[in-house]
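Counting starts at 1 for both ligands and their atoms, following the listed order. Atom set for the values below is all heavy atoms of this structure, side chains included, hydrogens, waters and symmetry mates excluded.
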Amino acid sequence: MSVSTMHTDDVRELLHKVAGFDQAEGQERVKQILHRVMHDLFQIVEDFDVTPEELWRAVYYVGELGQSGEAALVAPGLGIDRYLDIRMDAEDEQAGRDGGTPRTIEGPLYVAGAPLKDGYDRMDDGTDTQAETMILSGQVTDENGQPLPGAVVDIWHADSKGAYSYFDPSQSDYNLRRRIRTDSDGRYKVRSIIPSGYGCPPDGPTQKLLSLVGRHGQRPAHIHFFISRPGYKHLTTQINLSDDDYTYDDFAFATRGELVRDAVRIDDPETIRANGLEVPYKEVRFDVQLVATEDESLQTRHERPRAQEETNS
Ligand code: MBD
Ligand code: FE
């Protein structure tokens, strides 16, 4: 049965009151956006003849999503994070501050306040015996290739099971999370382990929705970065390792061609010893170019809820 009620006075008045348009209190911007959201939701119900059963299932899905703590996980799966990047890229281009290393999404698994070291540190606590050793290094420069000393490279990644410390309480505090201040030559270096890709919890609401549209919930092996220095645009990015089944098939849409890196196996005994290691390891290089800006609001990461980060909102 298909009926048309969107243009009736009843629905118009209902939406007007739902959005608080008849109230003096409240925020105008919220009213306008909520009005549009509810109007468009009702329009979808009309256009697709959504049944009460379907609509209630969706309402309870939202509840389930909140209870599971997966709201910020389904978001990248629905392209929200990628869409915001597309917008910020377009804004940068319009303002003439594009260029430098490309941004890509932050994801929901950052933890603020990782140990801060000069030039080098080891990121893993040595307990992940499945994992291959990784030496990750690079140089931070401006767009002309001038080295940038004193930049903070904030790095986080998963273990060999694809799990992140803090969210995986079995890992030690700040395992696989470090901040490295670049040396006088703009360089940073860490010893860590090669991460595995991430998979959404198979029984959670995110995977449930993805499966309903025939999608998987896998990310390739990747390493996250925040890179900042006064006078330069804050950069949120990641590298995705090549040779992963999902390198170009990421459920979170974070892969960008310029951000794919090989993990190169090093088994030459002299090189191994020169790096203070005893066994073969994999080397990953990631050089970063920052874009200069005088706008201080662009020099720090934008606000969002983050673990262990104080927010004012
Ligand atoms: C991750 O590790 C991640 O980076 C994103 C974007 C989503 C889920 C898990
Ligand atoms: Fe991640």
Considering non-hydrogen atoms of the protein only, which is the closest contact for [atom], and what is the distance?
atom                   : result
atom 7 (C) of ligand 1 : P108 CD, 3.6 Å
atom 1 (C) of ligand 1 : L109 CD1, 3.6 Å
atom 3 (C) of ligand 1 : R219 NH1, 3.3 Å
atom 2 (O) of ligand 1 : Y164 OH, 2.9 Å
atom 8 (C) of ligand 1 : L73 CD1, 3.3 Å

Problem - Sub-4.0 Å heavy-atom approach of H224 to ligand 1 - result: yes
Problem - Centroid separation Y164 to Y110 less than 6.0 Å - result: no
Exercise for the section: Determine, using ring centers only, whether W156 and F226 are less than 6.0 Å apart. Expected result: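 When the ring centroids of F226 and W156 are compared, they turn out to be within the sub-6.0 Å range.
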Problem - Side-chain ion pair, R122 and D124, N-O less than 4.0 Å - result: yes
Practice task
Identify whether the distance between the nearest side-chain nitrogen and carboxylate oxygen of K233 and D92 falls below 4.0 Å.
Solution key: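 Yes.
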Completion exercise
Taken in chain and number order and not counting sequence neighbours, the residues that satisfy ring-ring contact (aromatic ring centres under 6.0 Å, His included) with H216 are Y246
Exercise for the section: Could you tell me whether the Fe ion (ligand 2) has an N, O or S atom of Y164 under 2.8 Å away? Expected result: yes
